[in-house]
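Each remark here refers to the structure printed beneath this line.
Atom set for the values below is all heavy atoms of this structure, side chains included, hydrogens, waters and symmetry mates excluded.
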Amino acid sequence: ETGVTQSPTHLIKTRGQQVTLRCSSQSGHNTVSWYQQALGQGPQFIFQYYREEENGRGNFPPRFSGLQFPNYSSELNVNALELDDSALYLCASSLDGGPYEQYFGPGTRLTVT
Amino acid sequence: LAKTTQPISMDSYEGQEVNITCSHNNIATNDYITWYQQFPSQGPRFIIQGYKTKVTNEVASLFIPADRKSSTLSLPRVSLSDTAVYYCLVGDMDNDMRFGAGTRLTVKP
């Protein structure tokens, strides 16, 4: 059974640029959720994708967008990067939407300068 | 939206039972309560989930009183490797999921 993987591991971008982060869900899972975790804080829910449709969204602006592909892998896109976007971005996969048991990847550390 | 409140930190000794309480006064009818463990530089790891009463698995127990305004994660006989940050997550079927700020548990020899 393959776990959740994320790429890249680390990324440095300049303010105003755009970034795409990628996530491969655990085998058999059809739901992917994305979280932002600032240093020393708990993860903040960005959105969830279930069977290629957005299935819930947290309090993040529209410049945070996502996609889920037929193989249930997912992308998180952030436009017009701001310094405060610097954080660990976590992807979690689960079964059938909802707030159920989630399996997290190791995260992508994004630094915006 | 249910906001969660947890103690910032707790200390314990090896072999002791540890209880971490999370307050979620505004929990909604459809909300589930889930606890995760996180080590430095890793993603959170699922521990246990419940809706009401008591749930037990091979690593922990979760106690939820009838009013569901709080929940308590119980870790039996902790070891040094249980030193981590523990998060309480309240979420509903509309997928508005809120992590608490986390409780940093330090287990001492």
Side-chain angles (χ1 to χ4, degrees), chain A residues 3-7 9-10 21 23-26 29-51 53-60 66 68 74 76 87-109, chain B residues 1-9 20 22-24 27-52 55 57-60 62 64 68 71 84-105:
Chain A
V4 178
T5 60
Q6 293 186 243
S7 63
T9 306
H10 297 87
L21 310 181
C23 170
S24 292
S25 60
Q26 180 159 313
H29 285 182
N30 55 18
T31 304
V32 171
S33 302
W34 286 91
Y35 294 84
Q36 179 195 67
Q37 187 174 26
L39 202 59
Q41 297 184 23
Q44 300 299 309
F45 176 64
I46 303 175
F47 44 57
Q48 182 184 87
Y49 278 84
Y50 170 54
R51 294 188 175 184
E53 297 287 331
E54 188 176 288
N55 189 44
R57 189 180 182 94
N59 189 27
F60 279 80
Q68 187 178 32
S74 178
L76 165 65
L88 180 68
Y89 287 85
L90 295 162
C91 162
S93 75
S94 57
L95 273 174
D96 297 334
Y100 304 121
E101 182 174 349
Q102 298 178 78
Y103 292 79
F104 282 81
T108 294
R109 173 72 62 187
Chain B
L1 302 175
K3 178 181 177 180
T4 58
T5 304
Q6 305 175 231
I8 294 173
S9 64
I20 306 174
C22 178
S23 297
H24 26 79
I27 191 167
T29 303
N30 294 332
D31 285 344
Y32 284 77
I33 301 157
T34 313
W35 285 81
Y36 288 85
Q37 175 193 56
Q38 188 176 29
F39 297 110
S41 303
Q42 295 186 23
R45 184 175 72 97
F46 174 87
I47 301 173
I48 197 166
Q49 184 179 71
Y51 182 78
K52 61 180 179 180
V55 180
N57 62 22
E58 63 275 10
V59 298
L62 177 60
I64 304 170
R68 304 201 327 125
S71 58
V85 179
Y86 291 82
Y87 289 101
C88 161
L89 168 64
V90 174
D92 60 21
M93 288 301 295
D94 293 326
N95 299 310
D96 183 11
M97 294 185 278
R98 296 236 171 170
F99 275 87
T103 298
R104 184 173 300 279
L105 173 66

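Contacts between A:Tyr35 and chain B at a heavy-atom distance below 4.5 Å involve the side chain alone, from C-beta outward. With a 4.5 angstrom heavy-atom cutoff, A:Glu101 touches chain B via backbone and side-chain atoms both. For chain A, no part of B:Ile48 is nearby; none of its heavy atoms comes within less than 4.5 Å. Interface residue A:Pro106: only backbone heavy atoms are found under 4.5 Å from chain B. Heavy atoms closer than 4.5 Å to chain B are found in the side chain of A:Gln37, but not in its backbone.
Closest of all the heavy-atom pairs between B:Tyr87 and A:Gly42 is CE2-CA, 3.3 Å. The shortest non-hydrogen separation linking A:Leu90 to B:Pro44 is CD1-CD, 3.8 Å.
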Exercise. Checking side-chain contact (heavy atoms from CB on, under 4.5 Å) for the pair B:Phe46/A:Phe104: CA distance, chi angles, key distance, verdict?
Worked result: CA-CA 9 Å; B:Phe46 174 87; A:Phe104 282 81; over 6 Å; no
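Most heavy-atom pairs under 4.5 Å with chain B: of the set A:Pro43, A:Ala92, A:Cys91, this distinction falls to A:Pro43.
Listed for the B:Tyr36 side chain is a donor-acceptor partner under 3.5 Å among the backbone atoms of A:Gln102.
Note that CD of B:Gln42 and CG of A:Leu88 are 11.0 Å apart. Values are rounded to the nearest 0.5 Å.
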